[in-house]
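In listed order, ligands and their atoms are each counted from 1.
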Amino acid sequence: MASRAAWSAFGIGVVAVTSLTFAAAQSPRPAGVIARAAAALGGDARLRAVKTITVAGYGEAAYMNGGGNISASPDAPQKWISIPDYEKTIDLEHGRMRVRQRNHQNFVFAGLAGYLGAPNPAVALLDGAVAYNLAANGRAVRAGDQAVRARRFDMLNNPVVLVRAALDAAARVTNVRTERTLQLGDITVATGETLTLAIDGASGLPSWVRWMAHDENLGDVTFRTSFTGYLPVKGVMLPMGYNTVIDFRGVVQNKLYVDKNAVDEPIDDLAAPTDVRAAAPAPAASPSVEATRVGQGVWLLHGNGGANSILFEFADHLTMFEAPSSQGWTKAVIDRARTTVPGKPLTELAVSHHHFDHTGGIRQAMAEGLTIIAHKGTEGLFREIASRPGTIAPDALGATPKPLKFKAVDDHLRLGDATMQVDLYHVVSNSHMAEGLFAYVPKDRLLVEGDFFDVGWELYWWQKTYADNIAYRKLDVASDVPVHGRVVPIAQAMQDIERMTKAAEAVCTRTQAAGVFMPGCPVKTPAPVGDGFSVR
Ligand SMILES: [Zn+2]
């Protein structure tokens with residue numbers, strides 16, 4: 001830490017000769033670390049002359065950064081998104097990048113494209129300070145400032161690109177230190193991003209790069225990509241393996257197995273089209289929430305910026321079901337809850353299950369001081385989330401840290417008073433979530449759920465799970481009130497589930513006929529407890 005203070009106090013740049021006298025005897029000099037890395041990668045002059053790099057390969061990514069597994073346990077098996085086709089093209093001369101990739105989920109879920117792999121993968125580009133996306137139909141649309149930041153880190157997540165950026169006169173290298181066999185330095189590149197580079201003490205080759213980014217669920221997240229298996233390509237050294245780990249449970253966030261590194265081969269023109277460059281960056285959507293009454297003292301809170309929440313009115317307080325999507329969306333939903341029933345405090349949030357799309361706003365709910373009511377198996381995860389700092393982007397919990405108030409549900413919890421009764425039940429017979437809750441409102445025979453069913457799904461892999469839960473709890477359901485989708489009569493939900501189940505069975509038949517054996521085939525009921533599709 002002493003060296004950091006010395007370097008930054010004097011504002012010393014990477015090539016400042018006067019800085020050398022401040023280096024502690026055994027501390028590597030800033031310029032020295034970058035010079036060593038540059039020499040190992042092919043030499044200062046060669047790195048500065050590189051025009052293009054294309055990295056092609058395949059890999060895997062952790063679904064929802066590790067927040068989409070069957071349970072909230074740190075020991076739950078990781079669900080992987082398969083990336084059978086990946087290509088990153090970097091135009092170093094002009095500061096441009098394009099990433100093309102095909103993703104599909106290596107587990108069962110509701111979308112056909114997500115299951116089999118989208119035929120036309122979305123393409124992400126960066127041209128200086130302009131981020132834009134290329135749709136399958138060739139239309140280019142400018143993306144927002146968050147995309148610029150994320151793609152700059154992605155572009156720097158390559159040893160040659162990073163060390164070349166560190167050689168730039170406008171870059172700064174500080175806090176140079178030694179950790180075991182590695183030499184580390186913090187690099188702030190000309191565009192302002194700061195990353196930590198570690199080089200191998202013996203070879204000088206970059207071992208890993210580390211940086212921080214904001215996550216709606218986790219607050220500050222540190223990413224660290226290790227570079228391994230260097231091979232020479234046209235006078236520079238490039239790794240054949242990238243492995244990225246985050247500081248949430250040590251989740252391996254993504255892996256890239258390189259097929260080919262191409263240097264200075266011809267590439268497409270990655271310049272942003274003139275109209276894209278002239279367009280304003282996509283603004284953050286301003287959320288608009290509607291409250292639709294679906295029962296006595298029950299409202300569906302829905303709108304343009306995220307999934308639904310459900311509001312329950314009790315005699316002296318309000319309880320919300322689900323804080324989905326994002327902190328900003330959940331803030332808008334909470335505000336709408338308060339204006340829907342003025343004069344009663346919102347005190348509780350019930351959570352259907354821990355998946356990060358269902359808890360994207362949980363840091364907002366925690367910062368509002370709401371008591372989180374969820375299955376007992378999720379308590380550890382929510383305590384982890386509550387304790388994580390949020391310093392980078394606007395972050396509700398970072399701005400207003402609060403101790404977590406948690407109420408655990410085992411098999412059943414009744415929330416009730418003279419005016420309202422809501423029963424929370426542990427979800428059974430389900431392979432999507434083993435620590436889920438659904439709610440039942442007897443007065444209006446409403447079943448309130450997250451990920452039992454969505455009218456918009458194409459495939460259904462859980463057969464009788466919904467009917468099984470109704471039968472197991474001996475409920476008399478009239479309507480499905482969902483976190484995803486819209487309210488429908490239960491008979492329609494059951495019909496749709498049969499149709500979606502047949503669609504999943506057809507996919508299994510089709511893939512198996514082609515000699516491809518997919519996860520979840522043949523379709524089955526996870527853990528049958530009830531008597532099937534019969535719903536009275
Ligand atoms: Zn889910």
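Every residue meeting the side-chain hydrogen bond (donor to acceptor under 3.5 Å, both in side chains) condition with Asn157, not counting sequence neighbours, appears here in chain and number order: Thr225. For Arg139, there are no side-chain hydrogen bond (donor to acceptor under 3.5 Å, both in side chains) partners two or more places apart in sequence or in a different chain.
Annotation: cation-pi pair Lys255/Trp80 present, NZ/CZ under 6.0 Å from the ring centroid and within 45° of its normal. The cationic atom of Lys79 (NZ for Lys, CZ for Arg) lies less than 6.0 Å from the six-membered ring centre of Phe107 and within 45° of the ring axis.
Surrounding NZ of Lys524 are more than 12 heavy atoms belonging to other residues, nucleotides or ligands, all under 6.0 Å away.
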Do any side-chain atoms of residues 482-494 form donor-acceptor pairs under 3.5 angstrom with protein atoms, and if so which ones, sequence neighbours left out?
unit_1, atom_1, unit_2, atom_2, d
His484, NE2, His358, NE2, 3.1
His484, NE2, Asp451, OD1, 3.3
Gln492, NE2, Asp496, OD2, 3.3

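The number of protein N, O or S atoms lying under 2.8 Å from the Zn ion (ligand 1) is 4.
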